[in-house]
Amino acid sequence: MKSSCSKSSYYYFWFWLINMLLLHLAVRSQLTTDFYNSSCPSLLKIVRREVKKALMNEMRMGGSLLRLHFHDCFVNGCDGSILLDGGDDVEKSALPNLNSVRGFDVIDTIKSSVESACNGVVSCADIVAIAARDSVLLVIIFNSLYYP
Ligand code: HEM
């Protein structure tokens, strides 16, 4: 009995590992960090600058932008849909988000700056994702400076 259990765990482990590898390859082929390198070379600098400004104004915004990205990923994936306005039927008005998810104004500011630099190139979903990434990085850096 014991050996059959460990044998099935063994098969389960390999099944899981192979699936994870396949998933990794599939996702890797779609996502790149240099996607906007030629179409909007200043994108990453703009997002970093604006997130930095927002954090200098209010450090909590780091967590809020990370949470905004997390909540954007509900309902059909991380597609920027949480940013849409439109009454009671939009994600923004859903119970977990209403009067709770923050950072929309920061994303609006970043989007305006990005649009001025490269009009109609960068998706809102990507801006939310990059802002969340930079928030985490900058909060870690700020914290290590203040509490070394
Ligand atoms: C499904 C599991 C989760 C539940 C039920 C949950 C629930 C909550 C709740 C109730 C709040 C307080 C909201 C408010 O005060 O209005 C909160 C805040 C927060 N959550 Fe979660 N959370 C979950 C997962 C996560 C994950 C995975 C992350 C990180 C990616 C995260 C990051 C945060 C952050 C940073 C805040 C503070 C946001 C702010 O101060 O603006 N949470 N969460």
Side-chain angles (χ1 to χ4, degrees), residues 8-9 11-148:
S8 73
S9 307
Y11 284 129
Y12 178 75
F13 170 75
W14 281 107
F15 177 74
W16 174 83
L17 188 69
I18 289 165
N19 271 306
M20 284 298 124
L21 285 173
L22 290 174
L23 192 67
H24 171 75
L25 287 176
V27 172
R28 220 173 88 101
S29 60
Q30 290 167 22
L31 298 175
T32 56
T33 50
D34 58 358
F35 185 77
Y36 293 110
N37 269 11
S38 53
S39 55
C40 189
S42 51
L43 168 67
L44 298 181
K45 263 190 192 157
I46 295 171
V47 179
R48 180 74 50 95
R49 186 190 67 214
E50 295 302 328
V51 171
K52 200 170 162 188
K53 269 194 220 164
L55 292 188
M56 300 296 265
N57 187 40
E58 182 200 18
M59 195 54 74
R60 178 184 168 192
M61 191 49 72
S64 302
L65 288 172
L66 172 64
R67 186 167 182 245
L68 178 70
H69 177 48
F70 172 53
H71 282 230
D72 181 39
C73 297
F74 289 104
V75 192
N76 289 329
C78 319
D79 53 2
S81 51
I82 197 166
L83 305 172
L84 298 174
D85 292 314
D88 293 342
D89 275 351
V90 292
E91 284 176 48
K92 219 181 224 182
S93 313
L95 201 62
N97 301 333
L98 189 65
N99 299 325
S100 166
V101 171
R102 307 170 70 241
F104 295 107
D105 47 341
V106 176
I107 298 297
D108 285 348
T109 308
I110 301 174
K111 178 72 175 160
S112 305
S113 300
V114 170
E115 285 303 299
S116 310
C118 356
N119 194 21
V121 174
V122 184
S123 74
C124 291
D126 285 341
I127 288 177
V128 171
I130 299 166
R133 181 197 69 168
D134 284 3
S135 291
V136 173
L137 178 71
L138 290 174
V139 166
I140 291 171
I141 292 174
F142 285 150
N143 271 310
S144 65
L145 289 176
Y146 287 115
Y147 309 104

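Both counts, for ligands and for their atoms, begin at 1 and track the order of listing.
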Exceeds 12 heavy-atom contacts within 6.0 angstrom, atom [atom1] of [X]:
X	atom1	result
F13	CZ	yes
L21	CG	yes
K92	NZ	yes

Using a 3.5 Å distance criterion without hydrogens, assess whether the side chain of S113 forms a donor-acceptor pair with backbone atoms of I46. no
Is a side-chain donor or acceptor of D126 paired with a backbone partner of V122 at a separation under 3.5 angstrom? no
So which of D108, V106, I110 actually passes side chain to side chain contact (heavy atoms under 4.5 Å, CB included) with I127? I110
Residues with a heavy atom under 4.0 Å from ligand 1, by chain and number, are R60, G63, S64, L66, R67, F70, S100, R102
